[in-house]
Number of protein chains: 2
Amino acid sequence: MKNYNLLKELAASIKKSDKPTTKQKKIIESAILIFSEKGYANASTAEIARHAGVSEGTIFKHYGTKENLLLSLIIPYLEDFFPSIVEEVVKEASNSMITFEDFLVHLLQNRCLFIEENKEIFQVMIKELIYKEELKEKLLPCIYQILATQIGQVIEHFQQRGEVKDSPTDVLLKMLFTSTSAFFISHFVLFNKTKVSQEDIVQTAQFIANGMRP
Amino acid sequence: MKNYNLLKELAASIKKSDKPTTKQKKIIESAILIFSEKGYANASTAEIARHAGVSEGTIFKHYGTKENLLLSLIIPYLEDFFPSIVEEVVKEASNSMITFEDFLVHLLQNRCLFIEENKEIFQVMIKELIYKEELKEKLLPCIYQILATQIGQVIEHFQQRGEVKDSPTDVLLKMLFTSTSAFFISHFVLFNKTKVSQEDIVQTAQFIANGMRP
DNA sequence: ATACAAAGTAAGTGTTTACTCACTTCGACA
DNA sequence: TGTCGAAGTGAGTAAACACTTACTTTGTAT
């Protein structure tokens, strides 16, 4: 349980109240919605307050700055997004005897469901990750750390089985990361789809598995 | 010469002076630089004017609005970016007998060189394309139209040669588009590289070609 | 019931912003 | 050389913004 420490560090840096008030929950909900509609930079705290049925002062009482409000959305989401990959998909996959392609189908399916049930916050996260240099430099190392330790093992597992070619692990990791991210981002951010078809998932898994075959 | 009409329509909608003044050129240069550094939303016209050594009024005399200044950067760039793909790479490739993988190497090399020599404006374009819903809805149809007519032919060519699998052309087009875009964006925007190695290009071409093989 | 801290409010504040306008300078051509 | 339109200026404006502050309400433990 010594993984994700970079992310946990970040999470600790934003004080999280144990029992968020109804108003706090409304603020977070409204912020996600309005940030995703207009982008962080074009969303005003006044509009978020109005939408949440709350005074603007309340937002700043709880979150201090607009920047910190953004982090209060993104970081808990990231904490959910990545550990779940590991616990729900990776171990089950690498212990059993499924193929690399089936593993990818499983992975894509699983994370699509996760994104679908909260698409707006995924959109906010991706847009700001690309837009704000400073946020990118904060979050990318965390994400890379998680993927390197967890998905790295999976790649090596399938390399030993002869299903994945013999390039260095970090090269393959980058390929897998780039192509799966591209899949999620193009569907949920660029084309703004609410649901991804099983067919799209299978095709993409095939594409990636073939690309990485020996 | 009836292609790219959607893009040409857009280009016509922003009045372009035939002979841009030295000051106009300085404004465009400065806007590219400052937009790429801080993002469109966080860049002020005052700062652009200061950097260009020009009065703020001059910017608005020529471009009317900040939004239109942004379009005056992006649209000419797009006009250069896509037709060049066609004329420089596609025809030469599909007439000769090179493999699909070599075609991809050629394509990636060619476009990397183009992006490298003007990285900032590529970054601005991508960031704003993802960030601004309205711009996305304006530009994506143009881009799709160009790719569908030109790259579509190439895919069918390599399908007939048996190097690309038999899925519908639009499915393959989307795959090719997604994976090449991901390559450019991850290198030049996400990781902010100034140069892409030949090795990276060859690996990616291999990856994509294998993924699309029958 | 009282005391007290945390939650919430409403009316600010100073700053930054895109954009305007009345004006001057420049350059080309008759 | 004088004229006229385009290029350029810079002080100004109103709106929008993140954030503050002095205050009130609420919930709870004694």
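What you see is a predicted model; the values in this text were computed from it and never measured.
By the 4.5 Å heavy-atom criterion applied to side chains, A/F81 and A/M125 are not counted as neighbours.
C/dT20 atom P lies 13 Å from atom CD1 of B/I59, rounded to whole Å. Distance CD (A/E67) to C1' (D/dC19): 14 Å, rounded to an integer number of Å. As a whole-Å value, the separation of A/K25 NZ from C/dA7 P is 14 Å. Per the geometry, NZ belonging to A/K23 stands 13 Å off P belonging to D/dT25, to the nearest Å. Regarding A/I27, its CD1 atom lies at a distance of 7 Å from the P atom of C/dG8, rounded to whole Å. If you take NZ of B/K26 and P of D/dG8, they are 14 Å apart, rounded to a whole angstrom. Spacing between atom CG of B/L69 and atom P of C/dC19 amounts to 10 Å, rounded to whole angstrom units.
Interface residues of residues 29-57 of chain A facing DNA chain C, ordered by number: A/V54, A/S55, A/G57; criterion, heavy-atom separation under 4.0 Å.
Close to D/dT21, at under 4.0 Å from its OP1 or OP2, lies no side-chain N or O of A/K61. Between B/K66 and C/dA18 there is a side-chain N or O to OP1 or OP2 distance below 4.0 Å. The shortest distance between the side-chain N/O atoms of A/T58 and the OP1/OP2 oxygens of C/dA7 is not below 4.0 Å.
For residues 176-188 of chain A, the set of pairs meeting the side-chain hydrogen bond (donor to acceptor under 3.5 Å, both in side chains) definition, not counting sequence neighbours, comprises A/H187-A/D200.
Side-chain proximity of A/H62 to the nucleotides D/dC19, C/dG8, D/dG8 is greatest for C/dG8.
Aromatic pair A/F207/B/F207: centroids less than 6.0 angstrom apart. A/F114 and A/F184 have their aromatic ring centers separated by at least 6.0 angstrom.
Defined by atom type and a distance below 3.5 Å, a donor-acceptor pair is present between the side-chain atoms of A/K119 and A/N192.
The distance from atom CD1 of B/I121 to atom CG of B/L33, rounded to the nearest 0.5 Å, is 12.0 Å. Separating the CD1 atom in A/I151 from the CD1 atom in A/I155 is a distance of 7.5 Å, to the nearest 0.5 Å.
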